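Just so it is clear, the values below take in all heavy atoms, side chains as well, and ignore hydrogens, waters and symmetry mates. A quick note: this is a predicted structure, and the numbers were derived from the prediction, not measured.
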2 protein chains.
Amino acid sequence: MDIRQQNCTQHQSDALGSAGSESGNTAIGCADAAALDITRFGEEEAIVRPAMTDLIFPEVVFPTRRVALVAGVEKIRELVVEHHRLLWHSPLQPIFGNDEKHFWKAVELTADFHAEVCGGPKLYTQKRGHPHLRERHFPFTIREMDRELWLDLYVEALRKVAFPLEVAEEYWQWVEALSIRMINRRSTFAPPVRIPFSAIAHQLRQ
Amino acid sequence: MDIRQQNCTQHQSDALGSAGSESGNTAIGCADAAALDITRFGEEEAIVRPAMTDLIFPEVVFPTRRVALVAGVEKIRELVVEHHRLLWHSPLQPIFGNDEKHFWKAVELTADFHAEVCGGPKLYTQKRGHPHLRERHFPFTIREMDRELWLDLYVEALRKVAFPLEVAEEYWQWVEALSIRMINRRSTFAPPVRIPFSAIAHQLRQ
């Protein structure tokens with residue numbers, strides 16, 4: 001089976017392809033689309049489109065205990081709280097519901113999780129067991145662009161809390177890769193944007 | 001790279017995993033989740049989660065001209081119209097917007113497409129070129145369960161218009177496989193349900 005990822009520019013039109021669409025009908029540059037020979041529709045021999053994947057979740061490397069040793073558990077918790085403060089005042093707020101008290105209670109649990117993953121006390125798994133992150137996010141629509149904003153706010157939070165640069169990369173490569181697994185609403189053929197630490201490091205030094 | 005598809009039971013909880021969630025916290029049976037050893041969080045050695053795919057789009061075999069030769073172009077158009085009549089009166093109606101006149105104009109274009117794919121006149125590609133079906137559906141949220149209803153209504157439409165059984169399989173295997181490529185909102189790890197012709201054939205004979 002030919003497993004490969006399509007990489008097309010996004011195209012917005014209406015589902016039925018009507019000429020009356022507001023967004024018009026723009027040509028799409030897409031290798032896979034080019035592979036479908038529309039002149040062969042309805043011939044004697046069937047057109048066979050090979051299997052393919054939609055979205056590939058790249059490898060995720062979790063942090064080691066070095067992060068908590070260097071940054072400290074309190075700094076990790078502060079980072080998670082600051083990130084969520086930014087999220088609560090962002091266009092992503094609706095994902096978190098109307099109950100701000102409930103939200104902050106849940107943020108504490110998320111802080112437990114991040115602290116534990118980085119080598120802190122095992123509070124999260126004691127309380128909750130397996131995190132099941134993708135499943136927990138299924139009820140909420142998370143598009144590629146929502147992840148990008150979430151990551152932008154992470155950079156801002158890392159900077160605001162002055163997260164130690166020595167371990168910021170180890171932490172960042174985890175959240176950057178893991179966040180791709182939360183995308184559950186595709187709006188483009190393009191694979192999710194990758195943001196290596198080298199692309200954000202200069203912002204943390206400001 | 002280890003490309004495989006997770007197959008878990010669906011789990012609804014809140015994004016932050018709070019104990020205050022309405023839907024509670026149910027255990028999930030999931031091979032992949034089991035592979036993450038949560039007792040190893042924050043050790044000296046990093047946990048590495050291998051890359052994986054979310055959704056695999058299976059092979060799509062298009063119909064041949066045999067379908068139009070046996071069923072006739074008018075029967076194919078009638079089928080598309082009947083399917084959309086059912087869709088318009090179904091929970092999927094919001095996908096098609098408020099303008100019923102515009103809807104029926106767009107259905108004619110869809111009928112052109114299906115007729116051409118099955119060996120009828122090349123009206124669709126003359127008017128519109130490449131169908132770009134997945135791209136055209138991106139603006140609309142299409143979940144796994146929406147596809148299942150869409151297929152149920154297809155079976156009903158095939159039955160209502162008495163689509164010739166000799167070519168129903170060839171047509172069905174195309175729409176059944178192709179429809180998976182329209183899913184753009186994941187709400188479960190489970191791969192999309194496959195509905196072979198053998199599972200629906202008895203409904204067409206009624």
Q. With sequence neighbours left out, what residues match B/Arg66 under side chain to side chain donor-acceptor pair (under 3.5 Å)?
A. B/Glu170
Q. Hey, which of A/Gly97, A/Ala46, A/Ala177 has the most heavy atom pairs under 4.5 Å with chain B?
A. A/Ala46
Q: For each of A/Thr64, A/Val48, A/Ile47, tally heavy-atom pairs with chain B at distances under 4.5 Å, and name the one with the top tally.
A: A/Ile47
Which atoms form the tightest heavy-atom contact between [X] and [Y], and what is the distance?
| X | Y | answer |
| --- | --- | --- |
| A/Gly42 | B/Arg65 | O-CB, 3.0 Å |
| B/Ile38 | A/Gly129 | CD1-C, 3.6 Å |
| B/Leu36 | A/Phe62 | CD1-CZ, 4.2 Å |

(Q) With chain A as the partner, which of B/Glu45, B/Glu116, B/Arg143 has the greatest number of non-hydrogen pairs under 4.5 Å? (A) B/Glu116
**Q.** Options B/Ile142, B/Val117, B/Val61, ranked by heavy-atom pairs under 4.5 Å with chain A, top entry
**A.** B/Val117
Region of [X] that comes under 4.5 Å of a non-hydrogen atom in chain A:
| X | answer |
| --- | --- |
| B/Ala68 | neither |
| B/Glu108 | neither |
| B/Thr39 | backbone |

(Q) Within the structure provided, determine whether B/Asn184 and A/Arg185 are in side-chain contact (heavy-atom separation under 4.5 Å). (A) yes
Q) Just one of A/Arg181, A/Arg186, A/Arg134 clears the salt bridge (charged side-chain N to carboxylate O under 4.0 Å, His left out) bar with B/Asp54, so which one? A) A/Arg134
**Q.** Those residues that, when tested against B/Arg85, pass salt bridge (charged side-chain N to carboxylate O under 4.0 Å, His left out) (two or more places apart)
**A.** B/Glu82
**Q.** Gap between atom CD1 of B/Ile56 and atom CE of A/Met52 - 0.5 Å precision
**A.** 11.5 Å
Q) For the residue pair B/Phe113 and A/Phe41, does the interplanar ring angle fall in the parallel (under 30°), tilted (30 to 60°) or perpendicular (over 60°) class? A) perpendicular
